Structures are given as structure tokens and as C-alpha cells.
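Notes follow once the structure below has been shown.
Below, chain A is the first sequence line, B the second, and so on; all start at residue 1. Bear in mind that the values here come from a model prediction, so they are computed numbers and not experimental data.
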Protein chains: 2
Amino acid sequence: MDNRQRLLDCALDLFSRYGYDAVSVREVVEYAGVTKPTLYHYFDSKRGLLDALLKREAGRLLTEVLVAARYQGDLVATLESIARAYFAFAQAHPACYRMQLGMYFSAPESEANQAIRPFTNQQREILEGVFIQAAEDQGNLRTRHARYAAGLLGTINAMIGLHFNDGLVLGEEPIYLTVHQFMYGIFS
Amino acid sequence: MDNRQRLLDCALDLFSRYGYDAVSVREVVEYAGVTKPTLYHYFDSKRGLLDALLKREAGRLLTEVLVAARYQGDLVATLESIARAYFAFAQAHPACYRMQLGMYFSAPESEANQAIRPFTNQQREILEGVFIQAAEDQGNLRTRHARYAAGLLGTINAMIGLHFNDGLVLGEEPIYLTVHQFMYGIFS
DNA sequence: TCCATACTATACCGACCGGTATATTTTGTC
DNA sequence: GACAAAATATACCGGTCGGTATAGTATGGA
């Protein structure tokens, strides 16, 4: 009965499958079983719908990553915690993660990319913060936190891609392998 | 004077900046200084324009990666050669690589994703082939070639992302660091 | 019971979409 | 220079786009 939530659910499903630009507001409201004025009652525009959707969906991921990324002196354990959070989220909410991934890599001047940028920036800061804090304990990785954060997230997303496309189950083993390869290399 | 090439150039520029779906054929032809029938003389449709563009642009990347990925008994050297090829291409043709990256991560039922899938599949086969061949020499990494190929490409793309967004210069040092971290871990 | 507010539907807007029928110009060949 | 073919322009098509003016209905408080 909550048409606002229903509209967000339907928008998520359609955006994740076809992309924000390729989906019209007509398709969203028909899929949701309502009419356009209902959508425009809750959201000012198509872009407003997207912003509200990201606030709900990307916000969830962000808080889970934020919790998982609290550094407690053990870099390996922290990175495993982060990988676990990403993998769990991607498995629990595949459409949501697909959409965010697609928007992250979408064209830099597209609405979708601009809408998701605040959220990806926060993710980036969280991950870099882990390596900056770890650098206080272990030397060596100073000034490289940006590369490490980007590299880790790139590897995590690569594994999530294998999960989406090839059905790789993202249990404890991939978490262990991902982090240990990152820390100790391919032969670890 | 070659309007066909000019149309492809303009389409690449616009697609890479705004995304395939957000760019209209009107915008392409106006940017190119021609009219629509000229575009439809060379390409059957907007999708045909995209296919021709990918054949030209993604084909270039593919052949360069194919050459770089010839395994010659030294896995580290081969991976460095691959990273060098990707980095060089991304730096020499940023709009082209941006567009391909965006389409690779675009929604699975979008035209853009379907159009680029053959090319990404070939890249994947090339990279997996390297690890499969290397597995004949070194044990250990058998049956994990898919994860290694995905992980390596994920890391490479992460570095290219830092190049695009933060101006990281992709010279020999990032090549060395990327591959050695992949092979031997973060402290190598 | 009255009223304000939140919500939803019908019907419509101008602009733009991808694509084309037709006509004209350029170009290479003999 | 005649002529066919390739290339380009004008003008237009039906359909869909994001968005809205207007009106009606449901709902909860006084």
C-alpha cells in the first residue's frame, strides 16, 4: 500500500537491469501499478527519484561498510571484514549493487554518475582511512593509501562480478583468498 | 572530409562523456557538422553506429592486449606487458577506454552492455589463457585462472581510474607496483 | 459533520526521440 | 561531357519523452 516504497523498489529493479537513462518514468509507474502524478507527488523529478533511491540503497551499503571498516590494529582482519561486508551486500541485494556499480563507472557527465558520486567518495574515504590508520602501525604503505584503497575495491568488485556472471559463491573462502592475495600475493 | 570517421570520432567523444543512452543521433550529427541522412547512410541505426565504433575502438585495444599477452615462460614479465598495454591505451585514448569501461559495467540488458560483451569476453579469454598457460609451469594456480584474470583486470582498471580521476601517471612504476603487488602482495 | 490535507487519476503539453521519403549535389568513369 | 552511383540536405513522420493542470477521492482531526 505504500506507493512511495513500491516506486523505489520498481525503479531499482528497472534501473539495475536497463540503466537509468534507458528507463522512462512511464515504465516505472506502470511497473508499479500507479500513475505519473503519484510519482511526482513523492519525487520532484526523475532525478529526484534517483536521488531518493540512492539515499535509501547506497546509504545501506555505506553504513555497513562504515561499520565493517573500523580499524582495530589488525589490517588483515579489517580488510577481511570489509570484503565480507561488500560480498554480503552484493549477495543480499544484487540488483542494488549492480546498479551502484554501473553508476560508478557510468559516463562522468551523466546524471547517474553525478548522483552516485557523493556515495562513492565516502566509500573511498572510508577505505583510504583504513590504510592511513594502518600506516601508523606498519611503515612502508605511507602515501600509497589511495592506490591500496582503489586496488582493494577493484579486486572486491572483480570477485562480485564473478559472482554475478558466473555464480561464484562469495563465502569465507573468497574473502580469505581476496584479502590474502592482496596482502601476500598470488602464492599465499 | 571523411564524414564516416568524423561521425565515429564525435560519437566516441559524446558517448564517453554522457553515455550511449543519453546521447541522441541529432547531437552526434550536429557535433559532426552533418545531417542525419549522412549518418544513416553509413550506419543502419544508432545501434549500428555503436557497433561500428566498438569494432574500431575496442578492436584496437583487443589487438594490443593480444600482442602483449603472449606468454613466454615468465609470468611476471607477461603480466607487466599486459598492464603496460592497458595503461598505454588508457593514457593514449582516454575517451575510448572510459567508454569501454562504462559499457562493461553498464546494465546487463542495456544495448551498450550487449554491444561490448563480445569484446570483453575476448579480453577475458586472453587473460585467462595467460594464467592457464602459466599453470602448466607453476602448479598452485590451477582452476583459479578465472579469479586471477578478473582480479588482475580489476586492479588494472582501479589504477586507470586513479589516472582518470586523480591524474596518476601510469608509467613504469605503477606497472611494476601493480604486478608485483598482484604476485607478491602489498609489502613487495 | 465539516474541513484541510494527502494522495491519486484523466487528460494533456511542448519538445525531442530514432528514423525516412524525397530531392539534390558531388564524384569517379567512360 | 554524359551518366551512374555515392553522398548529402530539406523536411517530415509517428511515437515517446519528462512533466503538469485540473479534478476527484480517501483520510484523519475538530
Side-chain angles (χ1 to χ4, degrees), chain A residues 1-57 99 102-103 106-107 109-116, chain B residues 1-57 99 102-103 106-107 109-116:
Chain A
M1 275 300 169
D2 187 343
N3 282 335
R4 196 188 123 96
Q5 295 301 318
R6 184 201 299 277
L7 281 165
L8 289 175
D9 293 340
C10 294
L12 172 60
D13 191 29
L14 292 174
F15 290 169
S16 69
R17 276 158 57 193
Y18 303 103
Y20 172 77
D21 286 313
V23 174
S24 67
V25 300
R26 270 183 170 81
E27 291 170 309
V28 175
V29 298
E30 281 173 17
Y31 192 22
V34 298
T35 55
K36 279 204 279 181
T38 300
L39 187 150
Y40 282 97
H41 172 73
Y42 292 111
F43 315 100
D44 347 313
S45 60
K46 188 188 179 189
R47 170 63 189 269
L49 170 66
L50 177 62
D51 288 333
L53 182 60
L54 285 181
K55 189 173 175 185
R56 194 185 75 168
E57 302 294 330
M99 183 186 69
M103 294 175 66
S106 62
E109 299 189 41
S110 67
E111 282 198 340
N113 191 268
Q114 288 169 15
I116 207 165
Chain B
M1 277 300 169
D2 188 343
N3 283 335
R4 194 188 126 96
Q5 296 301 318
R6 182 200 301 275
L7 281 166
L8 289 176
D9 293 340
C10 294
L12 172 62
D13 191 30
L14 293 174
F15 290 169
S16 69
R17 275 158 56 194
Y18 304 102
Y20 171 77
D21 286 313
V23 174
S24 68
V25 299
R26 269 183 170 81
E27 290 171 308
V28 175
V29 297
E30 280 172 17
Y31 192 22
V34 300
T35 55
K36 280 205 279 182
T38 301
L39 187 150
Y40 283 96
H41 172 73
Y42 292 110
F43 315 100
D44 349 316
S45 60
K46 190 188 178 188
R47 169 63 189 269
L49 169 66
L50 177 61
D51 288 332
L53 182 59
L54 286 181
K55 189 173 175 184
R56 192 185 77 168
E57 302 295 330
M99 183 186 69
M103 295 175 64
S106 63
E109 299 189 41
S110 67
E111 280 197 341
N113 190 267
Q114 288 169 15
I116 207 166

Show your working on salt bridge (Lys or Arg N to Asp or Glu O under 4.0 Å) between A/D2 and A/R6 and close with a plain yes or no.
-> CA-CA 6 Å; A/D2 187 343; A/R6 184 201 299 277; over 6 Å; no
Stepwise side-chain contact (heavy atoms from CB on, under 4.5 Å) check, B/L39 with B/V34 = CA-CA 8 Å; B/L39 187 150; B/V34 300; 5.7 Å; no
Looking across every strand, which nucleic acid part, if any, lies under 4.0 Å from B/V23 by heavy atom: base, sugar-phosphate, or nothing?
-> sugar-phosphate
Which atom pair, heavy atoms only, marks the closest approach of A/S45 to A/Y40?
-> CA-CE2, 3.7 Å
So which heavy atom on A/L50 is nearest to which on A/A112, and how close?
-> CD2-CA, 4.1 Å
Are any of the side-chain nitrogens in A/D51 or A/R47 under 4.0 Å away from the carboxylate oxygens of its partner?
-> yes
To the nearest Å, give me how far apart CG (A/L39) and P (D/dT20) are.
-> 12 Å
Does B/N3 put a side-chain nitrogen or oxygen below 4.0 Å from OP1 or OP2 of D/dA7?
-> no
Does a side-chain heavy-atom distance below 4.5 Å link A/L49 with A/L8?
-> yes
Spacing between B/D2 atom CG and C/dT27 atom C1', to the nearest angstrom = 14 Å
Can you pull every protein N or O that's under 3.5 Å from an N or O on nucleotides 9-16 of chain C?
{"residue": "C/dA9", "atom": "OP2", "partner": "A/T35", "partner atom": "N", "Å": "3.2"}
{"residue": "C/dA9", "atom": "OP2", "partner": "A/T35", "partner atom": "OG1", "Å": "2.8"}
{"residue": "C/dA9", "atom": "OP2", "partner": "A/T38", "partner atom": "OG1", "Å": "3.3"}

B/E30 atom CD is separated from D/dA9 atom P, nearest whole Å, by 12 Å
Check whether any side-chain nitrogen or oxygen of A/H41 sits under 4.0 Å from OP1 or OP2 of C/dT8, and answer yes or no.
-> no
Derivation of the side-chain contact (heavy atoms from CB on, under 4.5 Å) call for A/M99 and A/Y20 | CA-CA 9 Å; A/M99 183 186 69; A/Y20 172 77; over 6 Å; no
On a heavy-atom basis, the closest approach of B/A22 and A/D21 is CB-OD2, 3.8 Å
Contact under 4.0 Å: A/Y40 side-chain N or O vs D/dG19 OP1/OP2 | yes
In whole angstrom, what separates A/E111's CD from D/dC17's P?
-> 16 Å
Heavy-atom contacts under 4.0 Å between residues 7-22 of chain A and DNA chain C, which residues?
-> none
Nucleic acid contacts - residues 44-52 of chain B versus DNA chain C, non-hydrogen atoms under 4.0 Å = B/S45, B/K46
Closest contact, heavy atoms only, B/R26 versus B/V29 | O-CG2, 3.1 Å
Is the shortest distance from a Lys or Arg side-chain nitrogen in A/D9 or A/R56 to a carboxylate oxygen in the other one below 4.0 Å?
-> yes
How far apart are the closest heavy atoms of A/N113 and A/A107, and which atoms are they?
-> CB-O, 3.1 Å
Answer yes or no: does a side-chain N or O of B/Y42 lie under 4.0 Å from OP1 or OP2 of D/dT8?
-> yes
